[in-house]
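Letters A, B, ... mirror the listed sequences (proteins, then strands); counts begin at 1.
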Amino acid sequence: MIDVRTLRDNPDEIRAAQRRRGESEAIVDELISADEARRSSIGRYEALRAEQKQLGKKVAQASGDEKADLLARTKELAGEVKAADAASAEAAKAFDALFAGLPNLAAPEAPEGGEEDFVVREIVGEPRDFAAEGFEPLDHLELGKRLGAFDIERGAKVSGARFYFLTGIGAQLELALVSMAMERAAAWGFTPMIPPALVKPSAMEGTGFLGQAADDVYHLPKDDLFLVGTSEVPLAAYHSDEILDADTLPRRYAGFSPCYRREAGSYGKDTRGIFRVHWFDKVEMFVYATPEDSYAVHEELLAHEQDWLNALELPYRVIDVAAGDLGLSAIRKFDCEAWIPTQGKYRELTSTSNCTQFQARRLSIRMRDGEQVTPLATLNGTLMASTRTIIALLENHQQADGSVRVPKALQPYLGGREILEPLS
RNA sequence: GGAGGUGUCGCAUAGUGGCCUAGUGCGCCCGCCUGCUAAGCGGGUUGAGGUUGAAACCUCUCGCGGGUUCAAAUCCCGCCACCUCCGCCA
């Protein structure tokens with residue numbers, strides 16, 4: 001959530017952000033009146049409660065008729081206090097429900113508009129000219145079959161559509177990528193983490209995934225637990241209800257976990273291969289920082305992501321995601337999209353968001369800076385999303401004979417292999 | 001899954017219905033004293049919210065949520081976490 005004081009003192013800033021996100025401006029006025037109702041009901045309750053406490057002390061000292069009189073008044077008061085308490089709790093609940101649905105502001109730098117209105121920040125590398133090389137590139141599914149890297153049919157047999165087994169070199173490739181990513185992250189000052197992939201509702205709610213994205217989340221009703229769609233969720237909740245010393249910031253974590261996504265509403269989209277799946281594994285960077293530092297940290301995360309894609313020798317572009325496509329929590333978001341030859345387009349491989357204090361307020365994560373205790377900023381960024389990284393590697397580094405070249409930086413993690421050969 | 005125990009301020013502990021506006025010790029911060037340090041002395045030391053120009057002030061916060069009562073750290077119920085034991089299990 002954003003700072004309530006912004007709502008009171010500067011509602012136009014929120015209206016402007018809502019407009020740029022293509023979201024309702026009317027919610028601002030609803031929030032303002034809900035906030036007023038909430039505050040006045042708190043005032044009523046507190047006045048009654050203060051009187052009750054005062055009289056309670058007198059009761060203890062009084063005796064005889066005096067005590068009987070006081071008890072009569074105080075008994076009546078007890079009912080009023082209870083009613084006022086209930087009324088203020090209800091008003092608070094109404095406000096909170098509305099407020100929780102309000103997205104973060106949008107950075108002024110974020111492009112205005114929807115999904116298609118991103119701005120290209122940078123293009124790195126050049127897509128290969130397969131025609132010039134004299135062969136038609138195979139898509140990742142075909143390459144995967146020849147290499148024995150994954151098995152879609154049996155994934156569907158065992159778990160359903162959009163599931164797969166990574167097999168043979170595919171499984172080895174993932175482990176190599178994970179090791180390489182974790183090792184690099186550790187060298188950059190990130191603490192390697194393997195977090196739980198099953199979390200309580202508060203963690204899901206706090207990171208903002210039960211809003212617009214709720215349909216995309218797996219829920220286990222019997223235990224009221226959620227399967228995370230990214231380790232951002234447990235890594236953000238890791239320090240919930242804590243006050244961190246500002247001197248210890250930024251704190252950088254790199255989490256490796258499975259990610260589960262229902263992909264509701266994506267029927268018929270990206271059905272071929274393992275591009276869009278219900279489960280994949282990912283190494284995610286997560287940083288707790290001061291709000292002032294968050295902008296620089298965001299650039300740092302982007303630089304790490306680019307460094308990673310450079311090491312894998314993939315052609316890609318960086319886009320500045322438009323306000324309407326930021327999601328609930330982010331104020332700004334950069335995606336790195338790798339070139340997928342057989343699709344003839346750039347597709348998202350990594351994404352980094354600055355959530356400023358939005359998640360920290362929901363999860364109650366604060367920092368102590370001298371005398372001040374204030375919410376801190378959280379940021380996240382993908383380092384290595386296994387399936388899409390494997391797709392990009394196979395397609396971009398394929399050779400005319402169906403083999404795949406292993407980029408130099410990855411070779412040590414595959415026992416020095418330079419080429420992945422088709423099975424037979 | 002079953003039985004029992006524990007949960008109080010950063011840490012340790014006191015507190016069995018009103019004198020708790022939660023005491024004490026340690027730690028920490030500020031000051032005094034002192035060749036320096038230590039000791040000693042005095043003061044401060046959870047967080048959230050309301051109100052205000054600001055301060056004063058008020059409300060909430062003794063694991064969490066309900067209940068009983070005029071009044072709850074204290075009594076009752078539910079939940080959570082941790083510990084011990086039994087069962088099951090990678």
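Across all strands shown, C79(B) forms a Watson-Crick or G-U wobble pair with G63(B), both key distances being under 3.5 Å. With both pairing distances under 3.5 Å, U37(B) is matched to nothing as a Watson-Crick or G-U wobble pair. In this entry G42(B) has C30(B) as its Watson-Crick or G-U wobble partner, both defining distances falling under 3.5 Å. Remark: A73(B) base-pairs with no nucleotide; criterion is Watson-Crick or G-U wobble with both hydrogen-bond distances under 3.5 Å. Nucleotide C85(B) has G2(B) as its partner under the Watson-Crick or G-U criteria, with both atom distances under 3.5 Å. Nucleotide C19(B) is matched to nothing when pairs are restricted to Watson-Crick or G-U wobble geometry with both distances under 3.5 angstrom.
Here the side chain of Tyr45(A) is nearest to one of G50(B), C58(B), C60(B), namely C60(B). For Arg368(A), taking side-chain heavy atoms from C-beta onward, the closest of the listed nucleotides G47(B), C60(B), G50(B) is G47(B).
One atom, CD of Glu46(A), and another, C1' of U52(B), lie 14 Å apart when rounded to the nearest Å. Rounded to whole Å, the distance from CG on Leu48(A) to P on C70(B) is 17 Å. Counting to the nearest Å, the P atom of G49(B) and the CG atom of Asp96(A) are 12 Å from each other. Taking atom CG of Asp224(A) as the reference point, atom C1' of G65(B) lies 16 Å away to the nearest angstrom. For the pair Asp241(A) CG and A48(B) P, the computed distance is 12 Å after rounding to whole Å. In this structure, the CG atom of Asp223(A) is 11 Å from the P atom of C80(B), given to the nearest Å. Between Arg49(A) atom CZ and A71(B) atom C1' the separation is 8 Å, expressed in whole Å. Rounded to whole angstrom, the span from the CG atom of Leu363(A) across to the C1' atom of G47(B) amounts to 17 Å.
Of the P atoms belonging to U24(B) and G17(B), the separation is 22 Å, rounded to the nearest Å. To the nearest whole angstrom, the two C1' atoms, one in G66(B) and one in C80(B), are 14 Å apart. If you take atom C1' in G50(B) and the same atom in A38(B), they sit 46 Å apart, rounded to whole Å. Taking atom C1' on both C26(B) and U21(B), the two are 24 Å apart, rounded to the nearest angstrom. Remark: the separation of the P atoms in G44(B) and C57(B) is 14 Å, to the nearest Å.
Put simply, Arg366(A) has a side-chain N or O that comes within less than 4.0 Å of OP1 or OP2 on A48(B). Taking only side-chain nitrogens and oxygens, Gln52(A) comes nearer than 4.0 Å to OP1 or OP2 of A71(B). Side-chain N/O atoms of Arg39(A) include one lying less than 4.0 angstrom from OP1 or OP2 on U51(B). Distances shorter than 4.0 Å separate none of the side-chain N or O atoms of Lys53(A) from OP1 or OP2 on C58(B).
A salt bridge is defined here as a Lys NZ or Arg NE, NH1 or NH2 lying under 4.0 Å from an Asp or Glu carboxylate O, and Arg38(A) with Asp35(A) meets this definition. Salt bridge annotation for Arg154(A)-Asp151(A): present, with a cationic side-chain nitrogen under 4.0 angstrom from a carboxylate oxygen.
In this structure a side-chain-to-backbone donor-acceptor pair under 3.5 Å is missing from Trp339(A) to Tyr316(A).
Among the heavy atoms of the strands lying under 4.0 Å from Arg8(A) are primed sugar atoms or P, OP1, OP2 only; no base atom is included.
Nucleotides of RNA chain B nearest to Ile42(A) and Glu51(A) differ in position, and the one nearer the 5' end is that of Ile42(A). Take the nearest nucleotide of RNA chain B for Ala50(A) and for Thr374(A): the residue whose nucleotide is more 5' is Thr374(A).
Aromatic pair Phe190(A)/His304(A): ring centres closer than 6.0 Å. Between Tyr253(A) and Tyr238(A), the distance separating the two ring centers is shorter than 6.0 angstrom. For Tyr260(A) and His219(A), the distance between ring centers is not under 6.0 angstrom.
Scanning all heavy atoms of the two residues, the minimum distance from Gly189(A) to Arg252(A) falls at O-CB, 3.7 Å.
Near RNA chain B, meaning a heavy atom under 4.0 Å from it, residues 73-85 of chain A has Thr74(A), Lys75(A), Ala78(A), Lys82(A) in order of number.
Exactly one residue among Asp3(A), Thr378(A), Leu376(A), Asn104(A) makes a side chain to side chain contact (heavy atoms under 4.5 Å, CB included) with Thr356(A). That residue is Asn104(A).
Interatomic distance, Phe163(A) CZ to Trp279(A) CH2, rounded to the nearest 0.5 Å: 8.5 Å.
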